[in-house]
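Notes follow once the structure below has been shown.
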Amino acid sequence: PDSSNTFLNVNNTSKKDTAAIKKYNPKIAIVRSAILPGWGQATNKKYWKIPVVYAALGTTTYIFFRNVKQYNEAKNAYLNSIDGNPANDSEIPQPYFSVKDQPDRIKTFRNQVRQNVDYTVLFFILFWGLNVVDATVDAHLKTFDVSDDLSLQIKPGYSQFANTNGISIVLNIGKHRSK
C-alpha cells in the first residue's frame, strides 16, 4: 500500500448485508409511524426514540386537557358573572370569584386559554408529523449504500486558486483507483 495516501473506509458491508438492506421498504415505516406514533421508530429499530415521541405527544395531550378544563371553568365563571343573578356567585370557582365584578378580565382569560387549546392541538399535530418525518428519514438512511467504493483520502496538496499549499480531503465516490 502507498503510505503517502491514507484511506479511511467509511463502512465495510458484506454482500449479504447489502442484500438485506436493499430488501427493506421505507414505506412500511412511514405508514406505521403515521398510524401509531413510535411504530415506525420500532420498525427502524430505533427504540430509544419511542419514549421521546410519546413524551412530546403526551405532554401536549396533558396540556390540552388542562387547558380545556380551564376554559370551561372560565367560561362558566364569565357566564355567571354577567347574568346579574347574585345567587349564582357561589358557583364561580375561587380563582375567578375575586374578579366576579370584572367580567371583562374573566372573558380575556377565557379567550387566552381558548387560544392555548388551539396551540396545543397544533403542537400535537406538529409532533405527530415530526414522528413520521423522523421515521421516514431513518428508513431512507437505512437503505443508504455506504460501501467500499466510498473512501476518504487525506493528502497534502497545492491549491492553484489560492496559490497556497495545504491539506486536501477528497471523497472518492466510485471504484478505487490505486496509483
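Values below: every heavy atom of this structure, side chains too, minus hydrogens, waters and symmetry copies.
Within the model, atoms OG of S81 and CG of N76 stand 10.5 Å from one another, a figure rounded to the nearest 0.5 Å. For the atom pair CD of Q115 and CZ of R110, the computed distance is 13.0 Å after rounding to the nearest 0.5 Å. Of the inter-residue distances, the one linking R114 atom CZ with N72 atom CG reads 10.0 Å to the nearest 0.5 angstrom. Between the CG atom of N67 and the OH atom of Y119 there is a distance of 12.0 Å, given to the nearest 0.5 Å. Taken to the nearest 0.5 Å, the CG atom of L126 stands 12.5 Å off from the OG1 atom of T120.
The number of heavy-atom neighbours closer than 6.0 Å to OH of Y54, taken from other residues, nucleotides and ligands shown, is above 12.
Closest non-hydrogen pair, W128 versus I35, comes out as CZ2-O, 3.7 Å. Smallest separation of non-hydrogen atoms from A29 and A139: CB-CB, 3.9 Å.
In this structure, the side chain of N44 engages the main chain of G40 through a donor-acceptor pair within 3.5 Å. Side chain of T136 to backbone of I30: no donor-acceptor contact under 3.5 angstrom is found. No donor-acceptor distance shorter than 3.5 angstrom exists from the side chain of N165 to the backbone of P156, with no hydrogens or angles considered.
Side-chain contact check for E73 versus I106: every heavy-atom pair is 4.5 Å or farther apart. Residues N116 and F64 have side chains not in contact (no heavy-atom distance under 4.5 Å, counting atoms from C-beta outward). Counting heavy atoms from C-beta on, the side chains of N111 and K107 come closer than 4.5 Å.
Tracing side-chain contacts under 4.5 Å through hydrophobic residues (I, L, V, M, F, W, Y), one never reaches I63 starting from F127; they form parts of separate clusters. Note on I50 and L130: separate hydrophobic clusters, where clusters join Ile, Leu, Val, Met, Phe, Trp and Tyr whose side-chain heavy atoms are under 4.5 Å apart, directly or indirectly. V117 is not connected to F124 by any chain of hydrophobic side-chain contacts under 4.5 Å among Ile, Leu, Val, Met, Phe, Trp and Tyr, and they are in different clusters. Under the 4.5 Å side-chain heavy-atom criterion for grouping Ile, Leu, Val, Met, Phe, Trp and Tyr, I125 is connected to F65 within one hydrophobic cluster. No continuous path of hydrophobic side-chain contacts links V53 to V137 [ILVMFWY only; heavy atoms under 4.5 Å].
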Run the numbers on N163 and Y158 for side-chain contact (heavy atoms from CB on, under 4.5 Å), then give the verdict. CA-CA 7 Å; N163 198 21; Y158 176 76; 2.3 Å; yes

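In summary, K142 and D138 do not engage in a salt bridge, as defined by a charged side-chain N under 4.0 Å from a carboxylate O.
Remark: W39 pairs with no residue by the ring pair (Phe, Tyr, Trp, His ring centres under 6.0 Å) rule, at least two apart or across chains.
Remark: the D134 side chain and the Q41 side chain contain an N/O donor-acceptor pair separated by less than 3.5 Å.
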